[in-house]
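Read the structure below first, then the notes.
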Amino acid sequence: MIGNDRKIEKNLDSSMIGLRPGLEGVPVAQSSICDIDGLQGKLTYRGYPISELALQSSFLETTYLLIWGDLPSPSQLRDFEKEVQMHRRISFRVRDMMKCFPASGHPMDALQSSAASLGLFYSRRAIDDPKYVYDAVVRLIAKIPTMVAAFQLIRKGQDPIQPRDDLAYSANFLYMLTEREPDPLAARIFDRCLILHAEHSLNASTFSARVTASTLTDPYAVVASAVGTLAGPLHGGANEDVIKMLEKIGKPEHAITYLNDAISNKRKVMGFGHREYRVKDPRASILQDLAEELFARFGKDEMYDVAKALEKAAEHKLGSKGIYPNVDFYSGLVYRKLGIPRDLYTPVFAISRVAGWLAHWREQLGANRIFRPSQIYTGIQNRQWIPAEERSSAKSF
Ligand code: COA
């Protein structure tokens, strides 16, 4: 068959398979990392229910489980925690690079650039060497929180502070961010938030990670591409927008008017809806409990009543379409109570989701084939070249 005929045949194949916008319902990988039952509202990591992990596990233990498939023994966990602790510091070169970022820039953009810069420091690309893989996992899990905290202080005009070896992972992050040693309850609740956000099958950023991984590039590029994808308001960026929305609503009694207006103007209600769930996201229920735990100890956030009023109103208006609160609806309220600035909610999501991205990176490499989907071409064929002087203005950009 000559080249052109083969091309035409391939295009015909694509149109026979049919276009699935957003790849809805199209499996693109076999995975044993995470399972979602969107009708029952069930989520498991490596077979363990999320509710149990969020109660019993720690973020680093869950990370180990996600990436290597089984819960670690006590000595494996100790070694992993120790390695992560030893690699928390970032080079002065990375800090100096971050000082050149505009203070007004979004912290997700700063994180994407800083994560990508790690590839400059650890450029050996030996993805079939288990030691290289282990070291890359440790570095990314260890350094991403330090980068998020560093940018926060740098943009305020301060020097970043060093990690503290006597503090566990989550407590240390809150310390580096706020310059105060956190209350143990606050640190534990933050750690539980990280567990809840660590993995969620083939969401957009994880798909992005797998596509990047499939080219056999380095894991820093894999994580950087996923950070960029997570930043969008339809994905991880929604947690920030939820708080903006609640503040705009202002009072519980205004929730119904806001909702009706959004629905009639076809505006999305942030923190609602999910491609996989037709019921309330199980993570949203746990995050709501965590928010209540924090409020009971440190005082209530008035926006919580607005959120509950909106959820109640939406149950009648959107529930019939299977649209309920997702993970981003209550997480912002938890982060706000923990004193985390609003534009850091999505970077905090990234700190956690790096565990899932790396689990998928390893899994992708285990049975790799480069992602290269097809398309259905809808453009013009067989155009005649027009010399510049004979052209009229193009219609639009
Ligand atoms: N508010 C109001 N209506 C919503 C909605 C929301 N948050 N989410 C979905 N819908 C409606 C759509 O308007 C559409 O209605 P229609 O069929 O009458 O046109 C229908 O539900 C399907 O929506 P669609 O955007 O095609 O679903 P999707 O599976 O492609 O998108 C999300 C999933 C998460 C992107 C979508 O629910 C959304 O944009 N949510 C808000 C942003 C958000 O919270 N993102 C975080 C996800 S964890």
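The figures that follow rest on heavy atoms only: side chains count, while hydrogens, waters and symmetry mates do not. Because the structure is a prediction, the values reported are computed rather than measured. Along the sequence shown, residues are numbered consecutively beginning with 1. In listed order, ligands and their atoms are each counted from 1.
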Side-chain donor-acceptor pair present, [X], [Y], cut-off under 3.5 Å:
{"X": "Glu81", "Y": "Tyr64", "answer": "no"}
{"X": "Ser214", "Y": "Arg369", "answer": "no"}
{"X": "Arg88", "Y": "Gln85", "answer": "no"}
{"X": "Glu240", "Y": "His106", "answer": "yes"}
{"X": "His200", "Y": "Glu276", "answer": "no"}

**Item:** Protein non-hydrogen atom below 4.0 angstrom of atom 32 (C) of ligand 1 present
**Value:** no
**Asked** Are there protein heavy-atom neighbours of atom 28 (P) of ligand 1 below 4.0 Å?
**Response** yes
Going by the angle between their ring planes, with limits at 30° and 60°, are [X] and [Y] parallel, tilted or perpendicular?
{"X": "Phe190", "Y": "Phe173", "value": "parallel"}
{"X": "Tyr304", "Y": "Phe295", "value": "tilted"}
{"X": "Tyr134", "Y": "Trp68", "value": "tilted"}

Geometric N/O contact [X] with ligand 1, under 3.5 angstrom:
{"X": "Arg275", "value": "yes"}
{"X": "Phe272", "value": "yes"}
{"X": "Lys266", "value": "no"}
{"X": "Val269", "value": "yes"}

**Request:** Please state which part of Asp281 comes within less than 4.0 Å of ligand 1, counting heavy atoms only: side chain, backbone, both or neither.
**Result:** neither
In the protein, what heavy atom is nearest to [atom], and what distance, to one decimal place, separates them?
{"atom": "atom 10 (N) of ligand 1", "value": "Ile323 CD1, 3.3 Å"}
{"atom": "atom 42 (C) of ligand 1", "value": "Met270 CE, 3.6 Å"}
{"atom": "atom 39 (O) of ligand 1", "value": "Lys268 NZ, 3.1 Å"}
{"atom": "atom 15 (O) of ligand 1", "value": "Lys321 NZ, 3.0 Å"}

For [X], the ligand 1 atoms whose distance to one of its heavy atoms is below 4.0 Å:
{"X": "His274", "value": "37 (O), 48 (S)"}
{"X": "Ala238", "value": "43 (C), 44 (O), 45 (N), 46 (C)"}
{"X": "His235", "value": "46 (C)"}

**Message:** With a 6.0 Å cut-off (strictly less than), is the heavy-atom count around NZ of Lys248, excluding the residue itself, greater than 12?
**Reply:** no
**Item:** Of the listed options Gly273, Ala314, Gly322, closest to atom 37 (O) of ligand 1 (non-hydrogen atoms)
**Value:** Gly273
**Item:** Closest to atom 45 (N) of ligand 1 among Leu234, Asn203, Asp328 (heavy-atom distance)
**Value:** Leu234
**Item:** Backbone of Ile380 reached by a side-chain donor or acceptor of Tyr377 within 3.5 Å
**Value:** yes
**Prompt:** Is there a heavy atom in Gly271 that sits closer than 4.0 Å to ligand 1?
**Reply:** yes
Could you pull out every donor-acceptor pair under 3.5 Å between side chains of residues 223-238 and any protein atom, sequence neighbours left out?
unit_1	atom_1	unit_2	atom_2	d
Ser225	OG	Thr212	OG1	2.8
Ser225	OG	Val222	O	3.0
Thr229	OG1	Ser208	OG	2.9
Thr229	OG1	Ser225	O	3.0
His235	NE2	Asn203	OD1	3.3
His235	NE2	Ser205	N	3.1
His235	NE2	Ser205	OG	2.9

